[in-house]
Amino acid sequence: MSKPVRVRFAPSPTGPLHIGGVRTALFNYLFAKKHSGTFYIRIEDTDQTRFVSEAEAYIFEALEWLGIAPDETIGKNEKFGPYRQSERKSIYKQYADTLVKNGWAYYAFDTPEKLDELRKEAEASKNTFTYNHTVREKLDTSLNLSQEKIEERIANGEHFVIRFKTPVNQILEIEDIIRGKVKFDTNLLDDKVLFKSDGMPTYHLANIVDDHLMETSHVIRGEEWLPSVPLHYLLYQAFGWEAPEFAHLPLILKPVGNGKLSKRDGDKMGFPVFPLEWKTSEGTCMGYRENGFFPEAVINFLALLGWNDGTEQEIFSLEELVEKFDLKRIHKAGAKFDPDKNKWFNHQYLQKKEDTELAVMFEKELAKKNISTPFGMTKEKLTKIVSLVKDRAHFVTELYDLSDYFFEAPSTYDEKATKNWKEETTVLMLKVIEELEKITDFTSVTIETILKEWMTTNEIGMGKVMQPLRLSVVGALKGPHLFDIIEMIGKEETIQRIKKAIDTL
């Protein structure tokens, strides 16, 4: 690469950060780290009508949680600051004026009412009004006015915008790292507004000026921005600047059918589309963090939405992703979002974690539920419980439902299992109590050895004892090794549970 890699994620603070935006940030981060470059964040808040004050902090908190914080941004290594476009307001007007002076842009004095009238007239004729080369010289623009008249109207405070003067009869061929050569006919483009009447630039002008001034080497963004490429390319040409390389990422699609993944899909199917929870007056939007996902699992499944390294590998650490990442291995087609696969990823990361670490997380979950830890439950025992049930869990939040019988005696019993409880079962369970009371070394191995020897000696079928014993202790025919459970809850609690089952069943 001819110049240092500098890439940016440039979100607009208009609401919570969508998971598609997170993937864009991730791919920029991976590309920067792969090439020992810089990943920076610029807040594009030129649209003040849609600005949401809490959104900026949300964006930074989300990326910090995910482990992909920027190298440069507001308050951090501000080599090219300010990093908020609203604070760069004074910069843009001079560039807009430069474009007017060199013939690449013009003033348009059309009122919103006049433009609305033209749109309605076109609709009445079943046409679409497009502000482009076919109409610009017939409308109220500086293209029809002397310099003196232009200055007079501006001095009088007339409403105006600055529009780009799109060249005619050109076929632009622009190279995209992911999509190859992309062609555009300039005759089909409209003359976009670059500078608004409120003194703020539009996205297009601010984006190009900032990318140039901040020395952006590659623009990696979603494919929804592909239609903007010809204007952006022409703006670089108009300023006489070298354009960055472009790479347009495929859409993240709905789990079923085509179409871009939306918040509505998440609400309907019960999964988050935002990294963190977002609260509004209308309600709370789910977040991956609050739903129990590990940040590394979110990073892993997002990386594989539209990209792979050419192998069957699915589990990647962030370091491995950096090492293997290549923009040319990103697919052109949209990537279907699979909530079940995302849970699978979280399951994989949960299994990889140390039991002691999970026990600390589990203890916090118990505290949230106001659940005390009975039967002399130590941290060591809590760690043991985690080790016994974690293989069936996708989330730490599921550990209690998988292990509730460790903390409280069953209050109900599985109906199917109780059908096998006969009079003979009660007699056998009373005998089990007698055997348990004799045991002094109340460990899983000892308990299992003694009870199995007793069953063998008395020629009692294993199922006749083991099933009702599990039912008594757990309340259902589920759970890890029965004798591990019995050791954990202790002799007294085990006997109490068997007695309760006998009385109830």
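We use all heavy atoms of the structure for the numbers below, so side chains are in, but hydrogens, waters and symmetry mates are not.
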State, with a plain yes or no, whether a side-chain heavy atom of L469 is found less than 4.5 Å away from one of I486.
->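 In contact.
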Salt-bridge present ([X], [Y]; N to O < 4.0 Å):
{"X": "D267", "Y": "K263", "answer": "yes"}
{"X": "R179", "Y": "E223", "answer": "yes"}
{"X": "E398", "Y": "K390", "answer": "no"}
{"X": "D265", "Y": "K254", "answer": "yes"}
{"X": "E72", "Y": "R6", "answer": "yes"}
{"X": "E437", "Y": "K491", "answer": "no"}
{"X": "E44", "Y": "R42", "answer": "yes"}

Verify whether one side chain among D71 and Y40 offers a donor that lies under 3.5 Å from an acceptor in the other.
->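 Checked: D71/Y40 side chains show no N/O donor-acceptor pair below 3.5 Å.
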Candidate pair K3 and E215, rule salt bridge (charged side-chain N to carboxylate O under 4.0 Å, His left out), full reasoning = CA-CA 9 Å; K3 56 184 179 180; E215 299 181 8; over 6 Å; no
Kindly state each residue pair satisfying salt bridge (Lys or Arg N to Asp or Glu O under 4.0 Å) with at least one member in residues 328-348, sequence neighbours excluded.
->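 The answer is E314-K341.
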Quick check: does any side chain N or O of E78 sit under 3.5 Å from a backbone N or O of G75, one acting as donor and the other as acceptor?
->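 Flag set: sc E78 to bb G75 pair under 3.5 Å.
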So, K34 side chain and E323 main chain: donor-acceptor pair closer than 3.5 Å or not?
->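 Between the backbone of E323 and the side chain of K34 there is a qualifying donor-acceptor contact (under 3.5 Å).
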Decide whether a cation-pi geometry holds between K33 and F31; the criteria are a distance under 6.0 Å from NZ or CZ to the six-membered ring centre and an angle within 45° of the ring axis.
->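 No, K33 does not sit over the ring of F31.
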Is it the case that K352 places NZ or CZ above or below the six-membered ring of Y349, under 6.0 angstrom from the centre and within 45 degrees of the axis?
->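 Judged by the rule, K352 and Y349 form a cation-pi pair.
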Applying ring pair (Phe, Tyr, Trp, His ring centres under 6.0 Å), name anything that partners F301, two or more places apart in sequence or on another chain.
->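 Ring pair (Phe, Tyr, Trp, His ring centres under 6.0 Å) check on F301 returns Y288.
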Give a yes or no on whether the ring-centroid distance for F407 and Y400 is below 6.0 angstrom.
->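 Centroid separation for F407 and Y400: below 6.0 Å.
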Are F27 and W307 an aromatic pair by the rule of ring centers under 6.0 Å?
->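 Not close enough - the centres of the two rings lie 6.0 Å or further apart.
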